[in-house]
Amino acid sequence: MKARKLVSSLFVLIFPILGIAQDDVVEVINEMVQAGDYETAMATADDYLKKYPEDVNVLMMNGNVRFYEFQNSRDYIQVSANDNLSIYDNSIGMVHAPTIVMPDSTGRDIASYYARAVAIDPQRQDIHFGMCYTYSMALLKDELKQQIQVIHKLFAPVEGLEYTLGDYARLFDDRDRFEDCMDIYELIVSLYPDNANLISDMAAMAFGNGDLDLASQKIGEALQAANPDAMTLGNAVLIRSINGQYDDALKHMKAVNKLEPDNRDWLIYQAFLDHYKGNRKWQKPLKKYLDQKADSDSSMDVRFARAAIELKDKTFEEYLNLNKVGSSSFYRFLHHEHAMKFYPDEFLPLFNYAELQCYYRNYDKALEKLDAIEVKGLEIPGDKLDDYHAVFGWTLFDQGKVEAAHKHFEALLGSEEFHFKSMGAFFVGKYYEDKDDPEKALSYYELVSEEASQGKYATLAWNCVNRINDDPKD
């Protein structure tokens, strides 16, 4: 799922004059900032403003200096362990710029200088944006919403302004305030009604936060609005495919082709939809698709189409072989659907479909197929047993069904692969720690904690061991 992002420009917008000597005082203050002497820079600006209280540039710079002081008082680079429990993120840790939340008092102080400046010169769009960015960094939602309305009233005709305003909403989501983010987005949509692509951005935000129901609702609203672009239609294809609404997804892919005539991916989708429906001539669209591609084209979907056009539909092995060829998720849903329909007693189509749905956090559909594997008593290939328990366990765990998930993570403890063994040790340890049994939790964490460098779950277990041992209650 994609959303339009312009965030990289935001910080620049509130510092446009630090490197430009507009007059002597600006140059002097700028030199102090470059030297990191923020206290003297602020005092100099304050003294100047006592004499010239309506100097917009110095008012703005005074806010900038305070913002810059706050920004530079934090680490630019941070090394941290990966605390994402998902089985789909296996990085041990990361080097990244820390996500900073500004104290609200600091945010209000900085914004007060910008407010004084725009009261004198309300046409300074850059200063208005500086206020928005500051309010977002300080999670001052009500102040941001008020400022967004001011900006809309002053600059509504500016092309793309609605997406810039959406960037400020996304800063709330970056700080784990998804509901506030969506509330701000609702305001922006109300200011730009019938904007399909803005509503699609809301769908992408909901999707990224694992709320497929809300994402489906919003993409439906987007498609009812005016002039959805290719990105919006692409988002719709993915959501409709996840939900099993394949005919609708195909319609949206054809709409993309009307906007982008060189994009003929709908032909692959048409072929696999026909295949799923049992149409014997399902490969005809693939031929049309490949006729437009150069022999030298080795892109993923072209390779997938070339492999698919060779299918004879005679053996289950053909499904397995095509499944080894990479492709967009759009087509994989239909590929697995066809196999489940024509090979209903095979484990892999059911599991592969369930795993794909688990990846997209469509847990109801994932559990439907995982449960079917159990009900049918299908034999699980030995090389897939760990994957099966990991996917089943995570599907249940991420829904809060901890008790049901527990047996699947326990089953991983005997895995010969350290990744799965450490996954089991961590989740079983967490199970007992959450039951307020730290001693039993430690017995599982310590199965893998000494090998923390070998994987994410071992690192998480190592962190838990240290935390429990350092806790004076234990």
Side-chain angles (χ1 to χ4, degrees), residues 1-7 9-10 13 118 122-133 135-136 139-175 177-240 242-243 245 248-249 251-256 258-260:
M1 287 287 294
K2 297 180 180 178
R4 297 149 191 82
K5 298 195 75 173
L6 305 172
V7 172
S9 66
L10 296 181
L13 287 171
V118 294
Q123 294 303 311
R124 287 290 296 270
Q125 187 184 84
D126 55 341
I127 306 178
H128 285 288
F129 285 165
M131 292 177 70
C132 285
Y133 189 69
Y135 289 144
S136 296
L139 297 178
L140 295 168
K141 183 180 75 168
D142 292 339
E143 288 85 345
L144 175 62
K145 290 174 69 174
Q146 182 177 358
Q147 185 61 23
I148 284 173
Q149 293 176 80
V150 170
I151 289 175
H152 176 261
K153 185 175 181 179
L154 290 169
F155 307 111
V158 174
E159 184 177 357
L161 178 62
E162 63 270 39
Y163 304 120
T164 299
L165 298 177
D167 288 334
Y168 302 118
R170 274 195 287 274
L171 289 172
F172 277 74
D173 184 56
D174 292 343
R175 288 153 180 79
R177 296 280 286 270
F178 171 65
E179 291 183 1
D180 286 340
C181 166
M182 297 301 276
D183 182 43
I184 296 164
Y185 253 117
E186 291 287 2
L187 169 63
I188 299 168
V189 169
S190 74
L191 299 173
Y192 295 89
D194 208 34
N195 185 313
N197 306 317
L198 194 60
I199 302 171
S200 174
D201 287 353
M202 293 186 71
M205 294 300 301
F207 186 85
N209 279 272
D211 193 336
L212 183 59
D213 289 340
L214 181 57
S216 300
Q217 174 193 326
K218 288 302 176 184
I219 204 66
E221 293 174 10
L223 294 169
Q224 294 299 314
N227 304 316
D229 66 8
M231 185 185 294
T232 293
L233 292 166
N235 288 345
V237 171
L238 178 58
I239 290 177
R240 297 304 194 216
I242 292 170
N243 287 330
Q245 299 165 302
D248 286 342
K251 179 178 69 176
H252 303 323
M253 290 195 90
K254 289 181 176 179
V256 172
K258 290 182 179 179
L259 295 175
E260 301 175 351

Donor + acceptor pair across side chains of Asn197, Ser200 (<3.5 Å): no
When you compare the side chain of Tyr163 with that of Asn195, does any pair of heavy atoms fall below 4.5 Å? yes
Give the minimum heavy-atom separation between Ser136 and Leu171, together with the two atoms involved. CB-CD1, 3.6 Å
Between Asp201 and Met205, is there a side-chain heavy-atom distance shorter than 4.5 Å? no
Can you tell if the side chain of Glu162 reaches within under 4.5 Å of the side chain of Leu191, non-hydrogen atoms only? no
If I take atom CG from residue Leu214 and atom CG from residue Asn209, how far apart are they, to the nearest 0.5 angstrom? 9.5 Å
Answer yes or no: is there an ion pair linking Lys145 with Asp142, defined by an N-O contact shorter than 4.0 Å? no
Show, in sequence, the C-alpha distance, side-chain angles and deciding distance for Leu233 and Leu259, and conclude whether the side chain to side chain contact (heavy atoms under 4.5 Å, CB included) test is met. CA-CA 10 Å; Leu233 292 166; Leu259 295 175; 3.7 Å; yes
For residues Ala215 and Ala206, report the shortest heavy-atom separation together with the two atoms involved. N-CB, 3.7 Å
Under 3.5 Å: donor-acceptor pair, side chain of His152, backbone of Leu161: no
I'd like to check Thr164 versus Phe155 (side-chain heavy atoms, cut-off strictly below 4.5 Å). Are they in contact? no
Scanning both residues in full, the closest heavy-atom pair of Ile184 with Ala169 reads CG2-CB, 3.7 Å
Measuring only between side-chain heavy atoms, which start at C-beta, is Val158 closer than 4.5 Å to Gln125? yes
Side chains of Leu238 and Ile242: closer than 4.5 Å at any heavy-atom pair? yes
Is the shortest side-chain heavy-atom distance between Phe207 and Asn235 below 4.5 Å? no
Main-chain N/O of Glu179 paired with Asp183 side-chain donor or acceptor, under 3.5 Å: no
Mind listing the closest non-hydrogen atom pair of Ala225 and Asp194 along with its distance? CA-OD1, 3.2 Å
Here the gap from Tyr135 atom OH to Tyr168 atom OH, rounded to the nearest 0.5 Å, amounts to 12.5 Å
Of the non-hydrogen atoms in Ala230 and Val256, which two are nearest, and what is the gap between them? O-CG2, 4.2 Å
Is the backbone of Gly234 close enough, under 3.5 Å, to the side chain of His252 for a donor and an acceptor to pair up by distance? no
For Cys132 and Gln147, which heavy atoms make the closest approach, and how far apart are they? SG-CG, 3.6 Å
When you compare the side chain of Leu223 with that of Arg240, does any pair of heavy atoms fall below 4.5 Å? yes
Tell me whether Asp229 contacts the main-chain N or O of Met231 through its side chain, where contact means a donor paired with an acceptor under 3.5 Å. yes
Residue pairs involving residues 216-225 (criterion side chain to side chain donor-acceptor pair (under 3.5 Å); sequence neighbours excluded): Glu186-Lys218, Ser216-Asn243, Gln217-Glu221, Lys218-Glu221
CE on Met131 to CG on Asp126, rounded to 0.5 Å: 12.5 Å
With rounding to the nearest 0.5 angstrom, report the CE to CG distance, Met182 to Leu187. 13.5 Å
To the nearest 0.5 Å, what is the distance between CD1 (Ile219) and CD1 (Ile199)? 9.5 Å
Spatial distance of atom CZ (Phe129) from atom CD1 (Ile151) [nearest 0.5 Å]: 5.5 Å
